[in-house]
Amino acid sequence: MRSIATLSLQYAHRFYGFRGEARYLHGHTGILTLEVEDSINPGVNMVFPCNEIQKTAWNVLKNFDHALILREDDPLLPAILQVYEKEGIRSGTPQNTMKGPAFHTDLATAYPECRLIVTKETMTVEGMIKLVYDLLKNQLNIAKITFTSGVNAASVRAQQE
């Protein structure tokens, strides 16, 4: 049996090195759907409370909300950091309250103080799924992840490790 939770993420990115429209900096509303699998918990008659799935996932994923996601070799990255430094927001401000804990994985690093995610790969919907799974695999028994962003969508059934 599965419990299913959905989260919405607002973010900006670009596909550095891509020849199409996505090479320009642009924003999306991304919809992430997590399916958590287990046996039904007797007494509460559910696998996992959906609000708990959302809380667990949001603790890490809120770093993506209203964030800029750039690949580590994107020439915009140093320019963005320079502007943030000049504006006094690189190290955050008291108004920057929507942030989770910083993280560093093989796929990405989060800099929550300036709402920036730096990735190793271009952040496509497939890349987002890989990253989300990597961040949450030890916290939730994820059976399936779906991510939709604009007209793009990807889905994967999680591999049991």
Side-chain angles (χ1 to χ4, degrees), residues 4-36 50-140 142 144-158:
I4 302 171
T6 301
L7 294 96
S8 176
L9 304 169
Q10 311 290 323
Y11 64 97
H13 72 151
R14 77 180 196 133
F15 293 173
Y16 173 59
F18 186 69
R19 291 184 177 239
E21 289 292 319
R23 76 189 318 170
Y24 295 98
L25 191 60
H26 61 282
H28 286 285
T29 297
I31 305 297
L32 176 72
T33 303
L34 296 170
E35 297 185 26
V36 174
C50 290
N51 64 334
E52 291 300 318
I53 296 170
Q54 287 178 320
K55 285 179 194 175
T56 300
W58 189 248
N59 186 46
V60 173
L61 300 180
K62 65 183 163 185
N63 282 322
F64 291 89
D65 196 43
H66 291 88
L68 177 58
I69 303 171
L70 291 175
R71 207 169 73 192
E72 65 186 1
D73 61 342
D74 191 320
L76 276 181
L77 182 57
I80 294 288
L81 292 173
Q82 186 177 37
V83 169
Y84 284 4
E85 189 71 41
K86 186 176 180 180
E87 292 182 357
I89 62 172
R90 184 171 177 173
S91 298
T93 66
Q95 296 80 20
N96 184 14
T97 59
M98 184 58 72
K99 58 185 179 181
F103 64 77
H104 177 76
T105 71
D106 290 340
L107 300 173
T109 302
Y111 299 95
E113 64 282 351
C114 61
R115 294 184 181 225
L116 178 66
I117 307 288
V118 178
T119 63
K120 301 276 185 195
E121 305 173 342
T122 300
M123 197 44 52
T124 60
V125 288
E126 294 86 356
M128 186 66 92
I129 286 174
K130 288 194 292 187
L131 183 52
V132 166
Y133 180 73
D134 192 44
L135 291 168
L136 296 175
K137 67 184 177 188
N138 295 326
Q139 299 177 54
L140 296 167
I142 299 171
K144 184 178 178 185
I145 299 175
T146 302
F147 190 72
T148 304
S149 183
V151 298
N152 304 301
S155 184
V156 69
R157 295 187 193 285

T29: partners by side chain to side chain contact (heavy atoms under 4.5 Å, CB included), with sequence neighbours left out:
S8, Q10, I31
Is there side-chain contact between F147 and V132, with at least one heavy-atom pair below 4.5 Å?
no
Using a 3.5 Å cut-off and no angle test, enumerate the donor-acceptor pairs between side-chain atoms of residues 70-77 and protein atoms at least two apart in sequence or in another chain.
residue : atom : partner : partner atom : Å
R71     : NE   : D73     : OD1          : 2.6
R71     : NH1  : Y16     : O            : 3.3
R71     : NH1  : T122    : OG1          : 2.9
R71     : NH2  : D73     : OD1          : 3.3
R71     : NH2  : D73     : OD2          : 3.1
E72     : OE1  : K120    : NZ           : 3.4
D74     : OD1  : R14     : NE           : 3.4
D74     : OD1  : R14     : NH2          : 2.9
D74     : OD1  : L76     : N            : 2.8
D74     : OD2  : R14     : NE           : 2.8

My understanding is that only residues two or more places apart in sequence, or in another chain, count here; which of them pass side chain to side chain contact (heavy atoms under 4.5 Å, CB included) with A102?
P112
Return the set of residues passing side chain to side chain donor-acceptor pair (under 3.5 Å) with S155 (not counting sequence neighbours), or none when no residue passes.
T146
Among residues two or more places apart or on two chains, list those pairs meeting side-chain hydrogen bond (donor to acceptor under 3.5 Å, both in side chains) that have a residue in residues 77-86.
none
Exam field: side chain N59 to backbone G100, donor-acceptor pair closer than 3.5 Å
no
Set of residues satisfying ring pair (Phe, Tyr, Trp, His ring centres under 6.0 Å) with respect to F15, sequence neighbours excluded:
H13, F18
Sorted by chain and number, sequence neighbours left out, salt bridge (Lys or Arg N to Asp or Glu O under 4.0 Å) with K130 holds for E121
Check whether any side-chain heavy atom of M123 lies under 4.5 Å from a side-chain heavy atom of Y11, and answer yes or no.
no
What pairs with Q95 under side chain to side chain donor-acceptor pair (under 3.5 Å), at least two apart in sequence or on another chain?
T93
Considering only residues two or more places apart or on different chains, which pairs with a residue in residues 105-117 satisfy salt bridge (charged side-chain N to carboxylate O under 4.0 Å, His left out)?
none
Contact between L25 and L68 at the side-chain level, heavy atoms closer than 4.5 Å - yes or no?
yes
Heavy atoms, side chains only, cut-off 4.5 Å: are Y133 and L34 in contact?
no
Quick one: side chain to side chain contact (heavy atoms under 4.5 Å, CB included) partners of T97, sequence neighbours excluded?
none
Is the shortest side-chain heavy-atom distance between L32 and F64 below 4.5 Å?
no
If you look only at pairs with a residue in residues 50-61, which of them pass as a salt bridge (charged side-chain N to carboxylate O under 4.0 Å, His left out), with sequence neighbours excluded?
E52-K55
Set of side chain to side chain contact (heavy atoms under 4.5 Å, CB included) partners for V83, sequence neighbours left out
E87
